[in-house]
Amino acid sequence: MDTAALRQAISSQRTVVTRHAQTELIADALLEEPVWTSMLAPDAEVIEDYADDPCGPSCLILSFVQSRPVHTVVAFPARRLAAAQKHPDLAVMITVYRPDQRPHEWGQDFRVRL
């Protein structure tokens with residue numbers, strides 16, 4: 001994942017949120033803009049890279065919103081959607097959730113799956 005290019009897309013607001021991610025934002029009482037902004041923070045990090053995903057490269061990012069951990073899966077560049085919208089460097093939020101609400105799935109630092 002080209003994290004510098006991803007950060008540039010987010011900074012330039014070349015972003016889209018899927019319907020599924022919108023549902024998850026609501027379920028976890030998160031707002032879209034703070035989640036995108038959190039991914040630009042120095043402590044945000046890619047913890048899983050899905051370079052060979054059939055729908056295009058994506059990754060799982062750990063960031064923090066109001067000091068609480070957030071996991072966001074972002075497709076970048078989002079090949080199909082980007083082509084339809086004529087933006088080759090569009091970042092798409094696929095899903096988002098609070099890993100601290102899933103203690104059976106994640107270690108204490110929210111970086112490693114159990």
Side-chain angles (χ1 to χ4, degrees):
M1 176 65 58
D2 182 348
T3 56
L6 173 59
R7 287 175 179 267
Q8 181 59 42
I10 294 169
S11 294
S12 300
Q13 298 180 339
R14 292 187 304 271
T15 59
V16 172
V17 178
T18 64
R19 185 171 297 172
H20 173 75
Q22 289 172 344
T23 300
E24 295 301 310
L25 285 164
I26 292 165
D28 282 356
L30 290 163
L31 297 174
E32 178 184 337
E33 185 158 337
V35 172
W36 285 119
T37 301
S38 73
M39 289 185 267
L40 299 173
D43 61 349
E45 64 180 288
V46 173
I47 58 172
E48 293 181 359
D49 194 346
Y50 314 124
D52 298 323
D53 190 296
C55 293
S58 59
C59 64
L60 176 62
I61 298 173
L62 169 63
S63 62
F64 296 85
V65 174
Q66 296 178 337
S67 300
R68 288 190 58 202
V70 174
H71 280 174
T72 310
V73 175
V74 179
F76 182 81
R79 292 179 185 147
R80 283 190 213 148
L81 193 55
Q85 295 196 13
K86 298 184 172 103
H87 289 282
D89 57 351
L90 195 62
V92 178
M93 185 184 298
I94 304 297
T95 193
V96 59
Y97 59 91
R98 293 190 180 274
D100 58 350
Q101 294 179 353
R102 300 175 179 198
H104 59 284
E105 292 180 29
W106 293 95
Q108 289 183 347
D109 67 356
F110 310 109
R111 288 172 175 81
V112 179
R113 291 183 190 267
L114 297 178

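Note that OG1 of T15 and CG of L90 are 7.0 Å apart. Values are rounded to the nearest 0.5 Å. To the nearest 0.5 Å, atoms CE (M93) and CD (Q22) are separated by 9.5 Å. Here the CD1-OG1 distance, from I61 to T3, works out to 8.5 Å after rounding to the nearest 0.5 Å. With values rounded to the nearest 0.5 angstrom, L60 atom CG is found 11.5 Å from R111 atom CZ.
Side-chain contact between V70 and V96: present, with at least one pair of heavy atoms (C-beta onward) separated by less than 4.5 Å.
Put simply, V74 and L31 are part of two different groups of oily side chains (I, L, V, M, F, W, Y) that touch within less than 4.5 Å, one to the next.
No hydrogens or angles considered: a donor-acceptor pair under 3.5 Å links the side chains of Q8 and S12.
Each of E105, E24, H71, R102 was compared with Y97 under the side chain to side chain donor-acceptor pair (under 3.5 Å) criterion, and only H71 meets it.
In terms of heavy atoms, A29 sits closest to R98 at O-NH2, 4.2 Å. Listed here is the closest heavy atom pair of A44 and S38: CB-O, 3.5 Å. Residues S58 and D49 share a closest heavy-atom pair of O-OD1, 3.4 Å. Here the closest heavy-atom approach between residue F110 and residue P69 is recorded as CE1-CG, 3.5 Å. Taking both residues in full, the closest heavy atoms of L40 and R7 are given as O-NH1, 2.8 Å, listed atom of the first, atom of the second, then distance.
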**Report entry** W36 vs Q13, side chain to side chain contact (heavy atoms under 4.5 Å, CB included): CA-CA, chis, key distance, verdict
**Finding:** CA-CA 9 Å; W36 285 119; Q13 298 180 339; over 6 Å; no

Query raised in the report: Going through the checks in order, is the salt bridge (charged side-chain N to carboxylate O under 4.0 Å, His left out) test met by R14 and D89?
Result: CA-CA 7 Å; R14 292 187 304 271; D89 57 351; 2.8 Å; yes

Query raised in the report: How far apart are the C-alpha atoms of M39 and L6, what are their side-chain angles, what is the distance that settles it, and do they pass the side chain to side chain contact (heavy atoms under 4.5 Å, CB included) test?
Result: CA-CA 10 Å; M39 289 185 267; L6 173 59; 5.9 Å; no

Query - Evaluation steps, side chain to side chain contact (heavy atoms under 4.5 Å, CB included), between W106 and I47 - result: CA-CA 12 Å; W106 293 95; I47 58 172; 4.1 Å; yes

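The number of heavy-atom neighbours closer than 6.0 Å to CG of D43, taken from other residues, nucleotides and ligands shown, is above 12.
A donor-acceptor pair under 3.5 Å is formed between the side chain of T18 and the backbone N or O of I94. Panel note: side chain T95, backbone A21; no donor-acceptor pair is recorded below 3.5 Å.
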